[in-house]
Trainee: 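One structure, pasted below without further comment.
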Amino acid sequence: MAMAETSKNFIYEIIDEELAAGKHPSIVTRFPPEPNGYLHIGHAKSICLNHGIARDYQGRFHLRFDDTNPTKEDTEYVDSIKEDVAWLGADWGKNLFFASDYFEQLYQWALHLIDAGKAFVCELSAEEVREYRGTLKTPGRESPYRHRPVEENRRLFEAMRAGEFADGAKVLRAKIDMAHPNMNMRDPVLYRIQHAHHHRTGNAWCIYPMYDFAHGQSDAIEGITHSICTLEFEEHRPLYNWFIENLPVPHHPRQIEFARLNLTHTVMSKRKLLQLVKEGHVTGWDDPRMPTISGLRRRGYTPAAIREFCSRVGVAKRNNTIDLALLEFCLRQDLEALAPRRMAVLDPLKVTITNFPEGTVERFPGPNNPGDPAMGEREVPLTREIYIEREDFLEDPPKKFFRLAPGVEVRLRYACYITCTEVMKDAAGNITELRAAFDPESRGGGTPDNRRVKGTIHWVSATENVPLEVRLYENLFTVPDPDDVEEGRTFLDYINPASLTVVQAVGEPALRDAAPGERLQFERKGYFALDPDSRPERLVFNRSVDLRSSYKPE
RNA sequence: UGCCCGAUGGUGUAAUGGUAGCACAGCAGACUCUGACUCUGUUUGUCUAGGUUCAAAUCCUAGUCGGGCAGCCA
């Protein structure tokens with residue numbers, strides 16, 4: 001897919017200026033997930049941004065796991081994150097790293113701060129630390145342990161590492177300024193004691209560095225030039241820089257913040273996504289209704305569509321909420337070109353073509369993509385009995401209903417013209433079946449007299465078909481912003497009860513050959529992808545997105 | 001009533017002191033063997049008030065509104 005014409009965002013401008021000033025021999029970026037959850041479309045924005053910069057400047061892109069909290073992290077997440085990043089097309093090559101790779105170096109740097117009199121071991125409890133920190137409007141107070149001699153701090157910190165203390169008994173803190181207006185600078189915690197098994201370092205450590213102490217230094221070790229993160233880290237930047245300036249790091253990275261992605265009609269926070277899964281509101285992290293990468297993948301989204309979306313949403317510092325319609329637009333645009341067309345009837349209504357010979361089959365060629373002859377064609381079988389979409393027939397149609405109605409002629413796509421001759425109903429008055437007559441001269445979809453037929457509808461043979469389970473998805477939430485809740489309600493109260501509808505449908509025989517994950521267009525109905533739940537005897541399709549429609553029922 | 005950041009149509013995003021543009025969405029039309037695609041047209045915008053300037057979305061000041069910050073989470 002062609003990249004949309006986009007002007008440079010503010011980060012590119014910063015890089016351009018720095019490059020012009022000769023500040024960097026090359027550009028290095030990174031995507032730094034914590035392996036404690038699944039990636040979502042918001043992460044995709046960050047991945048595309050970071051990977052895109054490295055690509056555009058012929059630099060390097062690193063994937064680095066920020067695994068400094070063993071109690072929350074797991075290799076299961078490492079694996080899923082790697083899969084998702086790779087699927088999106090962000091190739092990290094050999095540059096796969098873990099913050100835990102740097103634990104020893106980080107520890108040495110902590111010692112360096114201690115020796116310089118810039119860090120101390122504090123024995124205040126967590127509650128006391130909070131109390132001493134002050135509030136947003138009032139300065140904090142210094143810890144009574146703040147003025148310990150360097151030697152004592154060193155001995156204590158080494159004892160912390162040696163496992164001589166219980167969890168929470170002591171922490172290592174930076175000595176900065178308890179009256180600083182920026183809370184992050186009020187003697188932040190650098191290390192805490194956690195006798196916990198780490199998914200990579202096992203039991204080698206019982207003290208673990210905090211994010212602030214690990215992140216910037218990890219950037220420095222890897223030679224990251226631009227450490228791009230989201231807005232909430234903006235106030236951490238002074239601390240980020242303080243470490244870089246007070247430690248003998250090999251390199252000075254620069255932190256730049258941008259606004260994270262928000263999407264209408266969904267939620268993006270890990271906590272809420274986890275709650276949806278845990279409480280069974282969705283079937284899992286990869287439920288096609290989820291904004292997770294795995295959910296979008298299962299839904300039928302393509303990496304190209306997501307990349308295009310990320311390039312279109314732009315990068316800036318103001319909070320934003322992107323219309324879900326843009327994501328859908330990007331998918332349609334991609335699939336329009338590459339998805340083979342098929343016919344499937346989601347809500348079947350039987351039609352008997354009374355003048356069509358019984359027991360015979362006529363096969364008509366249908367292009368796999370009318371816009372791209374190179375994609376070839378398949379044959380669709382026409383028989384005396386067929387199914388059409390129930391909504392494509394109206395007994396008493398309004399003026400601009402270009403579909404089937406009594407006495408009205410329509411084209412069966414790729415096949416022939418039929419005219420409805422009779423409507424059959426049950427005792428309750430429900431339409432049970434239609435009878436129609438076809439024009440033998442219209443075979444192939446046109447007639448010698450070139451008469452115009454306004455409507456073309458899709459159809460499937462009632463005898464030559466494959467049964468399908470089709471899962472129709474709609475927005476997971478009924479409101480654009482489920483995070484904006486009324487008094488006394490939660491985001492769960494806005495879950496769309498119609499977010500999933502399962503229908504038993506019928507499809508043309510060619511559907512039998514659908515490959516796992518294959519994306520198809522069911523003509524006039526939308527784009528669909530074969531679900532992993534699919535079995536040869538029971539094909540399951542997910543509706544990825546419907547087709548735009550300018551048809552407005554009266 | 002602390003500190004930091006932000007404010008351009010419905011939603012995003014450009015314009016870097018000199019014509020407010022683009023995309024999505026919406027609306028109207030053309031085309032059409034998908035009411036799709038494509039094409040055409042079109043509604044809607046610089047938070048407010050002062051100031052600097054020949055000229056301000058852009059620079060300055062004040063205000064208003066929105067977001068973030070008091071984990072031994074990231």
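Chain letters run A, B, ... following the sequence lines, proteins first and then strands; every chain starts at 1.
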Trainee: Name the stems that RNA chain B belongs to, where each is three or more consecutive Watson-Crick or G-U pairs with both distances under 3.5 Å?
Mentor: B:2-7 with B:64-69, B:10-13 with B:21-24, B:26-30 with B:38-42, B:47-51 with B:59-63
Trainee: The criterion is salt bridge (Lys or Arg N to Asp or Glu O under 4.0 Å); which residues satisfy it with A/Asp56, sequence neighbours excluded?
Mentor: none
Trainee: Show me the donor-acceptor pairs, under 3.5 Å and distance only, between side chains in residues 371-378 of chain A and residues at least two apart or in other chains.
Mentor:
unit_1: A/Asp372; atom_1: OD1; unit_2: A/Ala374; atom_2: N; d: 3.2
unit_1: A/Arg378; atom_1: NE; unit_2: A/Glu508; atom_2: OE1; d: 3.0
unit_1: A/Arg378; atom_1: NE; unit_2: A/Glu508; atom_2: OE2; d: 3.4
unit_1: A/Arg378; atom_1: NH1; unit_2: A/Arg341; atom_2: O; d: 3.4
unit_1: A/Arg378; atom_1: NH1; unit_2: A/Gly366; atom_2: O; d: 3.3
unit_1: A/Arg378; atom_1: NH1; unit_2: A/Pro367; atom_2: O; d: 3.0
unit_1: A/Arg378; atom_1: NH2; unit_2: A/Arg341; atom_2: O; d: 3.4
unit_1: A/Arg378; atom_1: NH2; unit_2: A/Glu508; atom_2: OE2; d: 2.5

Trainee: I'd like to know if A/Arg318 reaches the base of B/G66 with its side chain, counting only an N/O donor and acceptor under 3.5 Å.
Mentor: no
Trainee: Please identify each residue that fulfils salt bridge (Lys or Arg N to Asp or Glu O under 4.0 Å) with A/Glu232, with sequence neighbours left out.
Mentor: A/Arg260
Trainee: Would you kindly check whether a donor in the side chain of A/His236 faces an acceptor in the base of B/A74, or vice versa, at under 3.5 angstrom?
Mentor: yes
Trainee: With respect to the side chain of A/Asn319, which nucleotide from B/C37, B/C5, B/G66 is positioned closest?
Mentor: B/G66
Trainee: Determine the contact category for A/Thr138: base if any of its heavy atoms lies under 4.0 Å from a base atom, sugar-phosphate if only primed atoms, P, OP1 or OP2 are that close, otherwise nothing.
Mentor: nothing
Trainee: Not counting sequence neighbours, which residues clear salt bridge (Lys or Arg N to Asp or Glu O under 4.0 Å) with A/Glu158? List them please.
Mentor: A/Arg154
Trainee: Answer with base, sugar-phosphate or nothing: what part of the nucleic acid does A/Ala126 contact at a heavy-atom distance below 4.0 Å?
Mentor: base
Trainee: List for me each residue that meets side-chain hydrogen bond (donor to acceptor under 3.5 Å, both in side chains) alongside A/Arg413, sequence neighbours excluded, and say none if there are none.
Mentor: A/Glu523
Trainee: With a 4.0 Å heavy-atom cut-off, tell me which residues in residues 264-275 of chain A come close to RNA chain B, sorted by residue number.
Mentor: none
Trainee: With distance as the sole criterion, is a donor-acceptor pair present between the side chains of A/Tyr211 and A/Glu34 under 3.5 Å?
Mentor: no
Trainee: Counting the atoms with a prime plus P, OP1 and OP2 as sugar-phosphate, which does A/Leu124 contact under 4.0 Å by heavy atoms, base, sugar-phosphate, or nothing?
Mentor: base
Trainee: How would you list, by chain and number, every residue that makes a side-chain hydrogen bond (donor to acceptor under 3.5 Å, both in side chains) with A/Ser549, sequence neighbours excluded?
Mentor: none
Trainee: With A/Ala436, which residues qualify under side chain to side chain contact (heavy atoms under 4.5 Å, CB included), at least two apart?
Mentor: A/Val351, A/Ile418
Trainee: Run the side-chain hydrogen bond (donor to acceptor under 3.5 Å, both in side chains) test against A/His180 and tell me which residues pass, sequence neighbours left out.
Mentor: none
Trainee: Got a sec, which residues hit side-chain hydrogen bond (donor to acceptor under 3.5 Å, both in side chains) with A/Arg254, two or more places apart in sequence or on another chain?
Mentor: A/Glu18
Trainee: Of all of residues 179-199 of chain A, which get a heavy atom below 4.0 angstrom from RNA chain B, listed by number?
Mentor: A/Pro181, A/Met183, A/Val189, A/Arg192
